Trainee: 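Can you read through this structure? Questions will come right after.
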Amino acid sequence: MSTRVRFAPSPTGRLHTGGARCALFNYLYARVTGGKFILRIEDTDVKRSSKNYLGDILDGLKWLGMEWDEGPYYQSERLAEYSAVAQRLIEEGLAYRDPEGSAAVYFKMPKVRVSWEDLIHGEISFDCSLLDDLVLIKSDGTPTYNFACVVDDVGLGVTHVIRGDDHISNTPKQIALYRALGKPQPKFAHIPLILGPDKKRLSKRHGAKSVLEYRDEGILSDALFNFLALLSWSPGDEREFMSRGEIIKKFSLKKVKKTAAVFDYEKLLWLNQQYLKRLGDEEAAEGFKRFLPSVERDSGFWLEFARLYKVRVRKFSEIKEAADFFFGDVKYDESAVKEHLFGEDKKNLLGGLFRRLESLQVWEIKELERVVREYAESGGREAKEIIHPVRVALTGRTASPGLFEVMVLLGRQTVLERLKRWVL
RNA sequence: GACCCCGUCGUCUAAGGGUUAGGACACGGGCCUUUCAAGCCCGAAGCGCGGGUUCGAAUCCCGUCGGGGUCACCA
C-alpha cells in the first residue's frame, strides 16, 4: 500500500518555521516512499481562521517548493460528516449527548492503557483512565480538533501521521477514537520541536516568523529547505550542503533524532551564503535589485556587481547597506576619513593621482591598476598607501570589493568627482 | 502539580560496549591579499550527575538532576 501523509495546518496563523519543518518532513517522507503528500486545512474554528493566514500558508509551501499532491481539503466543508460519525457513535453507545442539553457530544473515554510504536520514539504508553470524556462536537455543532482529525485521517486513508512532539499527548485520545470507529490506526511519528535560543518553543520573538518573511529578506528557498531538513535530521554522513534531490534521496524517519533542535539563525545565514555565492550572476543580480533603489544601469554593470557582491553578503537584503555608495552619495565613515584622508600629505597624494586619472583614456581594471601602482612607485610608496585613501574617498568606508573593480563600476565621472573632494 | 517526551562542544550534529569522541556554524589565530569577503590551514570547546552490569561504558539498566511538551466546547 502506498504511503499517504498529510500536513494539516490551521489557518489561525502564518506558516512559521515549526509548521514548515513539519510539512517538510511529511513532504520528504512522501517523496522518498513514492507516496502522496496531502494538504488539509483545519479551519473549524471560524472565528480565529482567516483567509490571509490561509494565503500565507499556501504561498509559503509553494515558495519552499513543497507542492502537495492532493487537496487542500477543508474541514469547514465537512461538518455534516463529523456530525454523522458522532451520531453513529451515540447509537453504538460509545458517545453521548451533553446532559445539560446543548448540541455537544461527548466520547466515553475507555479506562484502558494504550500504547503505540512511535516511529521516532519507540513504544509510548499512556493511561487513558487519567483522561476525562472527550468533547467530540462542540455546542455550536462544530467538531473538536481530535475528532475531526481522526475522522479525516480515516477518510483520507492517511497511513503515517508525522507531526510535532506536542501532539504526543493527543495521540492516546485519537487512538481511542480509532478503536471506537473500528478503523485501523496509522503509524505515528512524532518529530522534535524547534526551539528558540532560550530553549523554549520557537516564538515570534526569534524565528517563528512566516517563511515568507525569510523570502522577503532575501533568504533563498533552497537554503531554507536545506536548513530546515537538517533540524533533528541528518543524512548520517557529514554532508550539510545538499540539494533537494539529495535530501529526498537520503531522507529517512529512522535518522530523525528524538531531541529538539535550537534554531540557529547564524547557521541559516551561512548556508544561505553557500547558495548565494553559487548562484549565476544574472540570478544574483535580480535578487539584489529587489533591495536596491531602481536605477538605470546596463546589464554589464549588474552582472559584475553581482559577481563582486554575492560572496560578500549572506542574504540579499544586506546589499542595501553593503553597496549603498553605488546608488547615492557616499556616506563617509568618520573614523575611516580620519585615518586615511586627513592631512596635507594625503591631499597631495590624492591630487597627484587625480591628475593622472583625469588624463587617462581607457577606464578598465587593468589600466587603472597599472596607473595606481606606477603612481605609488614613482612616489616611493607602497600601493596600499594610496589604495586605502582612495577607497575611503570613493566608498566612504575601509571595506569594499577590489578597488579597481569598484572604480570601473562607479564610472570615470563619479570617481573623479569623489576624488576631487579630497584634493586641494 | 499530574502525565508524557528528551539529555554528545555555546548551537546543529556523527559514532554508539574498546575511537586521540568526528564534522559544521559561531569564536580565536594564521595563510592569501589593496581592504572586506570567499577560500585554505591551525586552535579552543562536549558525552548533566550518581550508582550499577561488564575485562571495558558516551553507548545497556536504575536513580537523580535538568530541559521541554500536554493537561480547553484552540488547533
Side-chain angles (χ1 to χ4, degrees), chain A residues 8-13 19 41-45 47-49 75 98 100 102-106 118 120-122 124-127 130-132 134-149 163-173 190 192-195 197-201 227 230-241 255 257-271 273-274 276-277 308-314 322 336 340 369 372-373 376 382-392 395 397-406:
Chain A
S10 168
T12 53
I41 306 300
E42 311 216 323
D43 55 353
T44 53
D45 185 344
K47 293 172 289 294
R48 293 203 305 141
S49 296
Q75 290 190 326
D98 178 13
E100 312 269 299
S102 81
V105 176
Y106 288 82
D118 195 275
I120 309 292
H121 295 275
I124 299 179
S125 76
F126 189 90
D127 187 359
L130 263 24
L131 265 22
D132 291 333
L134 205 66
V135 175
L136 260 26
I137 302 289
K138 295 178 262 182
S139 51
D140 67 0
T142 61
T144 55
Y145 161 73
N146 282 117
F147 185 51
C149 181
R163 66 199 350 175
D165 267 356
D166 52 336
H167 284 290
I168 287 179
S169 50
N170 281 322
T171 306
K173 304 173 190 172
H190 289 95
L193 299 177
I194 299 177
L195 274 25
D198 58 357
K199 299 285 184 79
K200 295 252 196 299
R201 197 172 165 174
F227 180 75
L230 257 16
L231 256 25
S232 295
W233 175 79
S234 86
D237 55 32
E238 283 166 355
R239 300 217 51 188
E240 294 200 299
F241 181 79
K255 298 291 287 180
K257 300 224 314 173
K258 297 175 179 178
T259 55
V262 172
F263 185 93
D264 183 0
Y265 188 66
E266 286 297 314
K267 188 151 185 177
L268 202 215
L269 288 179
W270 168 77
L271 197 55
Q273 184 180 49
Q274 295 299 310
L276 199 51
K277 72 184 199 192
L308 296 180
Y309 274 104
K310 66 186 183 183
V311 295
R312 268 170 255 260
V313 297
R314 296 183 298 173
H340 295 287
E369 177 158 13
V372 169
R373 288 192 188 281
E382 280 195 79
K384 61 178 155 191
E385 290 178 67
I386 175 111
I387 287 173
H388 291 324
V390 172
R391 167 176 290 111
V392 176
T395 70
R397 59 184 76 201
T398 55
S400 81
L403 182 66
F404 309 112
E405 282 88 343
V406 168

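Not measured: the values here are computed from a predicted model.
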Trainee: On a whole-Å scale, what distance lies between the C1' atoms belonging to B:C27 and B:C9?
Mentor: 12 Å
Trainee: Would you mind telling me which of B:C36, B:A24, B:A14 lies closest to the side-chain atoms of A:Ser234?
Mentor: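 When the side chain of A:Ser234 is considered, B:A14 is the closest of B:C36, B:A24, B:A14.
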Trainee: At their closest point, which heavy atom of A:Thr395 faces which heavy atom of A:Val406, and how far apart are they?
Mentor: CG2-CG1, 4.1 Å
Trainee: Do the side chain of A:Thr144 and the base of B:C73 come within less than 3.5 angstrom through a donor-acceptor pair of N or O atoms?
Mentor: no
Trainee: Can you find a side-chain donor-acceptor pair between A:Asp166 and A:His190 that sits under 3.5 Å?
Mentor: no
Trainee: Rounded to the nearest 0.5 Å, how far does OG1 of A:Thr259 lie from CD1 of A:Ile120?
Mentor: 11.0 Å
Trainee: Please state whether the phosphate of B:A38, meaning OP1 or OP2, lies under 4.0 angstrom from any side-chain nitrogen or oxygen of A:Gln273.
Mentor: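 For B:A38, OP1/OP2 do have a side-chain N/O of A:Gln273 under 4.0 Å.
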Trainee: Evaluate the ring planes of A:Phe227 and A:Phe263, with Trp represented by its six-membered ring, and classify them as parallel (under 30°), tilted (30 to 60°) or perpendicular (over 60°).
Mentor: perpendicular
Trainee: So how far is it from A:Leu271 CG to A:Leu276 CG, rounded to the nearest 0.5 Å?
Mentor: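 Taking CG in A:Leu271 and CG in A:Leu276, the distance rounds to 11.5 Å.
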Trainee: If only side-chain N and O atoms of A:Ser169 are considered, is one of them under 4.0 Å from the OP1 or OP2 phosphate oxygen of B:C4?
Mentor: no
Trainee: Return the 5'-most residue of the pair A:Ala261, A:Glu405 with respect to RNA chain B, ranking by each residue's nearest nucleotide.
Mentor: A:Ala261
Trainee: For atom P, what is the distance between B:G22 and B:C47, given to the nearest Å?
Mentor: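 Looking at atom P only, B:G22 and B:C47 are 13 Å apart.
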Trainee: How close do A:Arg163 and A:Cys149 get, heavy atom to heavy atom, and via which atoms?
Mentor: NH2-SG, 4.0 Å
Trainee: Expressed in angstrom and rounded to an integer, what is the separation of A:Leu308 atom CG from B:A37 atom P?
Mentor: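 Roughly 16 Å, once rounded to whole Å.
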Trainee: Is the number of heavy atoms from other residues, nucleotides or ligands under 6.0 Å of A:Asp132 CG greater than 12?
Mentor: no
Trainee: Once you round it to whole Å, what is the distance between C1' of B:G68 and NZ of A:Lys257?
Mentor: 15 Å
Trainee: Please tell me which of A:Lys255 and A:Leu403 maps to the more 5' nucleotide of RNA chain B, matching each residue to the nucleotide holding its nearest heavy atom.
Mentor: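 It is A:Lys255 whose nearest nucleotide is closer to the 5' end.
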Trainee: Does B:C74 have its OP1 or OP2 closer than 4.0 Å to a side-chain nitrogen or oxygen of A:Lys138?
Mentor: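 Yes, within the criterion.
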Trainee: Atom CG of A:Leu230 and atom C1' of B:C12: how far apart are they, to the nearest Å?
Mentor: 7 Å
Trainee: Is there a side-chain polar atom (N or O) of A:Lys277 under 4.0 Å from OP1 or OP2 of B:G39?
Mentor: yes
Trainee: For B:C12 and A:Lys267 - does any side-chain N or O of the residue sit under 4.0 Å from the phosphate oxygens OP1/OP2?
Mentor: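 Checking B:C12 against A:Lys267, no side-chain N or O comes under 4.0 Å of OP1 or OP2.
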Trainee: Using the side-chain heavy atoms of A:Arg312, tell me which of these nucleotides is nearest: B:C3, B:C36, B:C6.
Mentor: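 It is B:C36.
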Trainee: Which whole number of Å gives the distance between the C1' atom of B:C32 and that of B:C41?
Mentor: 11 Å
Trainee: May I ask you to evaluate whether A:Arg373 reaches the phosphate of B:U34, defined as a side-chain N or O under 4.0 Å from OP1 or OP2?
Mentor: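 So the side-chain polar atoms of A:Arg373 do come within 4.0 Å of the phosphate oxygens OP1 or OP2 of B:U34, strictly under.
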Trainee: In this structure, how many angstroms lie between the P atom of B:U70 and the CG atom of A:Leu134, rounded?
Mentor: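 Value for this atom pair: 17 Å.
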Trainee: Could you work out the separation of B:U19 and B:A37 based on their P atoms and round it to a whole Å?
Mentor: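 Looking at atom P only, B:U19 and B:A37 are 40 Å apart.
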Trainee: Between B:C25, B:A75, B:U35, which one does the side chain of A:Asp264 approach most closely?
Mentor: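 Output: B:C25.
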Trainee: Is there a donor in the side chain of A:Asp140 and an acceptor in the side chain of A:Thr142, or the other way round, less than 3.5 Å apart?
Mentor: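 Result is yes, a qualifying pair exists.
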Trainee: Within this structure, what is the CD-to-C1' distance between A:Glu238 and B:G22, rounded to whole angstrom?
Mentor: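 Distance check: A:Glu238 CD to B:G22 C1' gives 6 Å.
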Trainee: Find the distance A:Lys200:NZ to B:G66:P and express it as a whole number of Å.
Mentor: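 These atoms are roughly 13 Å apart.
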Trainee: Can you identify which nucleotide, out of B:C12, B:C6, B:A75, has its nearest atom closest to the A:His121 side chain?
Mentor: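 Nearest to the side chain of A:His121 among the choices is B:C6.
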Trainee: Less than 4.0 angstrom between a side-chain N/O of A:Lys47 and OP1 or OP2 of B:C74, yes or no?
Mentor: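 Answer no for this pair, as no side-chain N or O of A:Lys47 is under 4.0 Å from OP1 or OP2.
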Trainee: So, does A:His167 get its side chain near the phosphate of B:G69, meaning an N or O under 4.0 Å from OP1 or OP2?
Mentor: no
Trainee: Just to confirm, is there a sub-4.0 Å distance from OP1 or OP2 of B:A75 to any side-chain nitrogen or oxygen of A:Arg163?
Mentor: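 For B:A75, OP1/OP2 do not have a side-chain N/O of A:Arg163 under 4.0 Å.
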Trainee: For A:Thr12, which contact category applies under a 4.0 Å heavy-atom criterion: base, sugar-phosphate, or nothing?
Mentor: nothing
Trainee: Is any side-chain N or O of A:Gln274 closer than 4.0 Å to OP1 or OP2 of B:G39?
Mentor: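 Checking B:G39 against A:Gln274, a side-chain N or O does come within under 4.0 Å of OP1 or OP2.
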Trainee: Taking the same atom, C1', in B:U8 and in B:G66, what whole-Å distance lies between them?
Mentor: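 Taking atom C1' in both B:U8 and B:G66, they lie 15 Å apart.
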Trainee: Could you tell me the separation between the CD1 atom of A:Ile41 and the P atom of B:A75, rounded to a whole number of Å?
Mentor: 14 Å
Trainee: Given B:G69, B:G23, B:U35, identify the nucleotide with an atom nearest to the side chain of A:Asp166.
Mentor: B:G69
Trainee: Taking atom C1' of B:A72 as reference, at what distance in whole Å does atom NZ of A:Lys173 sit?
Mentor: 9 Å
Trainee: Would you measure the distance from the C1' atom in B:C12 across to the matching atom in B:C71 and give it in whole Å?
Mentor: 31 Å
Trainee: When you compare B:C42 with B:C6, how far apart are their C1' atoms, in angstrom units rounded to a whole number?
Mentor: 36 Å
Trainee: For B:C36, does either OP1 or OP2 sit under 4.0 Å from a side-chain N or O belonging to A:Thr398?
Mentor: no
Trainee: Kindly point out which of B:U34, B:C6, B:C5 is positioned nearest to the side chain of A:Ile124?
Mentor: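 The nucleotide sitting nearest to the side chain is B:C5.
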Trainee: Suppose you measure atom C1' in B:U13 against the same atom in B:C74; what distance do you get, rounded to whole Å?
Mentor: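 Nearest-Å result for B:U13 against B:C74 at atom C1': 35 Å.
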